[in-house]
Amino acid sequence: MSQQDPLQLCKDLLIQIDQELDQNAESLRIKYLGKNGLFKNVSALIKNVPNEQKKAFGQELNQLKNKLENKIADLESQQKQTKEKIDLTLPGKKHQVGHIHPISQAIEEISQIFEKIGFNRVRYPEVDWDYYVFEALNMPKNHPARDEWETFFVDTQPDPKMGKMVMTTHTSNGQVREMERLKSKPPIRMINVARTYRRQSDATHTQMFHQFEGLVIDKGINIQHLKGTLDYFAESFYGPGTKSRIRPFHFKFTEPSFEVDFSCHICGGTGKNCRFCKSGWHEVGGAGMVHPNVLKAGGIDPDIYTGFAFGWGVERTYTLKKGLNIDDIRLFYSGNLEFLEQF
Ligand code: FA5
């Protein structure tokens with residue numbers, strides 16, 4: 001080494017560092033900066049450098065040292081990062097695991113409650129003929145009662161017998177369909193849960209929501225059976241002590257018809273100073289004894305058989321559960337994970 005031009009040696013080393021195949025910081029440190037390293041050897045050659053070149057040689061050496069130190073520092077930080085990446089002692093990263101949507105959970109719970117007492121879970125079309133949604137339910141064409149349902153109509157060719165296609169406004173479309181499925185032969189114990197649609201949107205209404213529809217038809221079915229079923233559901237879904245109440249109402253497909261309330265779990269049904277219910281009761285939906293015309297539409301003789309039906313909103317029924325304080329059902333469909341992850 002000592003016979004070569006020290007300045008040239010420095011320049012060669014600068015190139016050699018760039019082309020260095022060994023990428024291990026420690027071994028490079030030893031090779032270049034160690035006790036017997038190349039840098040020390042080259043520095044020692046200063047004694048051979050003529051005085052007028054000493055300054056240039058010194059600058060070259062400085063450049064060489066900086067380059068070596070930077071390269072070794074870079075390699076060290078890269079090695080540190082790689083080491084961190086494969087550190088097997090680090091705790092694993094948890095994958096985000098989703099869960100069933102709260103409304104699907106509610107549907108499952110509701111279905112099980114009714115299946116326990118012999119109801120048969122079914123599902124009928126969510127886009128259905130006018131006939132099943134209105135006409136077979138004692139609402140003839142052009143009847144004003146249809147206006148209440150805020151219907152979305154489907155832009156298709158009407159069927160001469162079945163009429164227009166509509167987005168189902170309620171699960172009551174399943175009533176005559178179930179009678180037909182069972183070839184008009186009671187006993188019928190149906191629980192029909194499905195999506196339903198109306199042109200409504202506010203804190204208690206969404207354009208798409210869910211209903212569950214109960215239908216029981218047999219000989220000798222009366223209002224007491226309906227009331228017993230409501231009480232059974234109230235206690236099973238909301239907890240012991242919850243009561244049901246029916247109030248006179250009007251639906252074209254039931255006679256008599258009722259609105260159904262459940263007692264408030266906050267005030268126990270008293271309504272005293274209760275900001276949650278104000279009256280002691282919460283309304284969840286409708287019910288009644290199946291109208292003879294609806295039985296006839298399903299091919300069932302109303303002189304032999306009677307039945308009851310009810311239809312409630314899943315979202316509404318669910319938000320009245322103890323501990324839930326949801327004052328806007330649109331949250332269920334907002335895609336807001338902070339809200340949904342609570343369930
Ligand atoms: C009906 O839909 C009747 N089919 C119920 C029925 C069935 C009566 C069988 C008799 C026999 P109503 O329009 O009141 O009735 O709706 C019932 C429930 O559905 C309401 O009380 C409410 O809980 C829910 N509901 C109605 N519209 C909406 C909406 N836009 N968003 C959320 N829930 C709704």
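Because only heavy atoms are used, hydrogens play no part in the values below, and waters and symmetry mates are left out as well, while side chains stay in. From a predicted model like this one, the values you see are computed outputs, not experimental measurements. FYI, the numbering just counts along the sequence from 1. Note that ligands are numbered from 1 as they come in the structure, with each ligand's atoms numbered from 1 the same way.
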Nearest-neighbour protein heavy atom for atom 31 (N) of ligand 1, which is reported as residue plus atom name and distance: Thr206 N, 3.0 Å
With a 4.0 Å cut-off on heavy atoms, does Ile329 reach ligand 1? yes
Quick one: does Glu315 get an N or O within less than 3.5 Å of an N or O on ligand 1? no
In terms of atom number and element, which parts of ligand 1 are under 4.0 angstrom from non-hydrogen atoms of Glu283? 21 (O)
Of all protein heavy atoms, the one nearest atom 9 (C) of ligand 1 is Glu213 OE2, 3.3 Å
Is a salt bridge present between Asp130 and Lys141, judged by a nitrogen-to-oxygen distance below 4.0 Å? no
Which of the listed options, Ala309, Gly313, Gly214, holds the heavy atom that is closest to atom 18 (C) of ligand 1? Gly313
How far is atom 20 (C) of ligand 1 from its nearest protein heavy atom, and which residue and atom is that? Val284 O, 3.8 Å
Under 4.0 Å from one or more heavy atoms of Arg316, ligand 1 contributes atoms 23 (O)
Can you pull out the closest protein heavy atom to atom 30 (N) of ligand 1? Residue, atom name and distance to 0.1 Å, please. Gln200 OE1, 2.6 Å
Ring centre gap for Tyr238 and His282 strictly below 6.0 Å: no
Salt-bridge present (Glu180, Arg177; N to O < 4.0 Å): no
Does ligand 1 come near enough to Arg198 that some N or O of the ligand is less than 3.5 Å from an N or O of the residue? yes
For the 3.5 Å polar cut-off, considering only N or O atoms, please tell me whether Ser172 and ligand 1 meet it. yes
For ligand 1, is there an atom lying under 4.0 Å from some heavy atom of Phe258? no
Lys/Arg-Asp/Glu bridge criterion (N-O < 4.0 Å) met for Arg247, Glu283: no
If you measure from each heavy atom of Thr204 to ligand 1, is any distance below 4.0 Å? yes
Would you check the N or O atoms of Gln211, main chain and side chain alike, for any that come under 3.5 Å of an N or O of ligand 1? yes
So Phe332 and Phe339, would you call those rings parallel, tilted or perpendicular, with 30° and 60° as cut-offs? perpendicular
